[in-house]
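These notes concern the structure reproduced below.
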Amino acid sequence: MAIFKKKPEPELSLADIILPEHVGIIMDGNGRWAKKRGLPRSAGHTAGAQTFRKIVRYCSNIGIKYLTVYAFSTENWRRPNDEVSALMRLFKDYLTEALSDFKDDSIVIHFIGDRNAFSDELHELMDDNEEISKDRDGMVLNLAMNYGGRAELVSAVREIAAKAASGELDPSSIDEQMISDHLYTKGQPDPDLIIRPSGENRTSNFLLWQSAYAEYVIMDVLWPDFKEKDMDAALIEYAKRNRRFGGV
Ligand code: FPP
């Protein structure tokens with residue numbers, strides 16, 4: 001995966017292209033952003049949370065149907081306690097704000113990942129946000145929290161195996177669709193485009209199954225610096241790719 005550095009061609013704008021239906025973003029580079037400024041890593045996450053708010057709003061406004069953001073991985077618990085606590089505070093602030101301020105919003109909030117590891121308070125905020133937004137008709141925002149692609153597959157395999165053991169299903173009927181239907185994203189289209197700011201060429205356990213045919217756009221900008229124009233550049237780069245899904 002090569003780093004994408006090109007500027008969008010001036011003659012192309014969002015009005016000229018077909019938008020992807022589902023976009024994933026690995027919000028990377030908060031720590032480096034803070035380090036460059038001599039600030040604690042938590043300051044990078046605070047700035048990253050502001051970028052997250054801006055880009056969610058932008059994606060909803062331009063007509064993206066599904067947006068999945070990687071907010072906290074199953075591996076992120078290994079970070080120092082103060083950094084994990086700072087992230088939990090940011091999640092709490094956003095989810096509290098989403099409940100109180102976004103009553104007329106059209107965005108459907110959905111969580112992917114194992115929410116049992118979070119505090120009761122956060123767990124309840126997650127449940128309440130899903131409940132209050134579930135009948136809306138706008139963009140689906142998947143917040144990947146305590147998410148790992150491998151853990152998601154393990155959980156799907158366990159559920160399917162339990163059904164096979166109880167006789168509810170015949171193992172020979174297990175197919176790709178059945179696996180998709182046991183993931184946190186069941187019922188949603190697979191991501192078309194995955195954007196990774198900060199220049200790292202890794203998937204980092206993000207949407208492992210669902211990203212089989214996704215286009216990756218790696219960008220040389222740290223997440224807190226990511227702007228609407230960077231989103232446009234990624235969307236335009238995506239529109240120029242020739243997706244063949246294994247065909248010719
Ligand atoms: C990766 O950057 C980023 C994270 C582990 C956290 C992402 C979280 C946010 C952007 C805040 C989201 C807030 C809400 C409200 C959803 P890094 O810290 O690994 O950066 P580095 O690679 O430069 O160290």
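All values below come from the heavy atoms of this structure, side chains included, with hydrogens, waters and symmetry mates left out. In this chain, residues are counted from 1 in sequence order. Numbering of ligands and ligand atoms starts at 1, following listing order.
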Q) So do the side chains of R57 and I107 get within less than 4.5 Å of each other, counting heavy atoms only? A) yes
From the list R241, R196, K240, salt bridge (Lys or Arg N to Asp or Glu O under 4.0 Å) partner of E215 resolves to R241
Determine, step by step, whether Y147 and F111 satisfy the ring-ring contact (aromatic ring centres under 6.0 Å, His included) criterion, reporting the C-alpha distance in whole Å, the side-chain angles of both residues, the deciding distance to 0.1 Å, and the verdict. CA-CA 9 Å; Y147 174 85; F111 296 93; over 10 Å; no
Report each N/O pair between ligand 1 and the protein that falls under 3.5 Å, naming both atoms.
residue	atom	partner	partner atom	Å
ligand 1	2 (O)	D28	OD1	3.3
ligand 1	2 (O)	G29	N	3.4
ligand 1	18 (O)	R41	NH2	2.9
ligand 1	18 (O)	R79	NH1	2.9
ligand 1	19 (O)	R79	NH1	3.4
ligand 1	19 (O)	R79	NH2	2.8
ligand 1	20 (O)	G29	N	3.3
ligand 1	20 (O)	N30	N	3.2
ligand 1	20 (O)	G31	N	3.1
ligand 1	22 (O)	D28	OD1	3.1
ligand 1	22 (O)	R32	NH2	3.0
ligand 1	23 (O)	G31	N	3.4
ligand 1	23 (O)	R32	N	2.8
ligand 1	23 (O)	R32	NE	2.7
ligand 1	24 (O)	R41	NH1	3.1
ligand 1	24 (O)	R41	NH2	3.1

Side chain to side chain contact (heavy atoms under 4.5 Å, CB included) filter on V84, not counting sequence neighbours, yields F72, W77, R79, M88
CG of D16: more than 12 outside heavy atoms within 6.0 angstrom?
yes
ask   = Mind checking whether V217 and I62 sit in one hydrophobic cluster, side chains of I, L, V, M, F, W, Y counted as touching below 4.5 Å?
value = yes
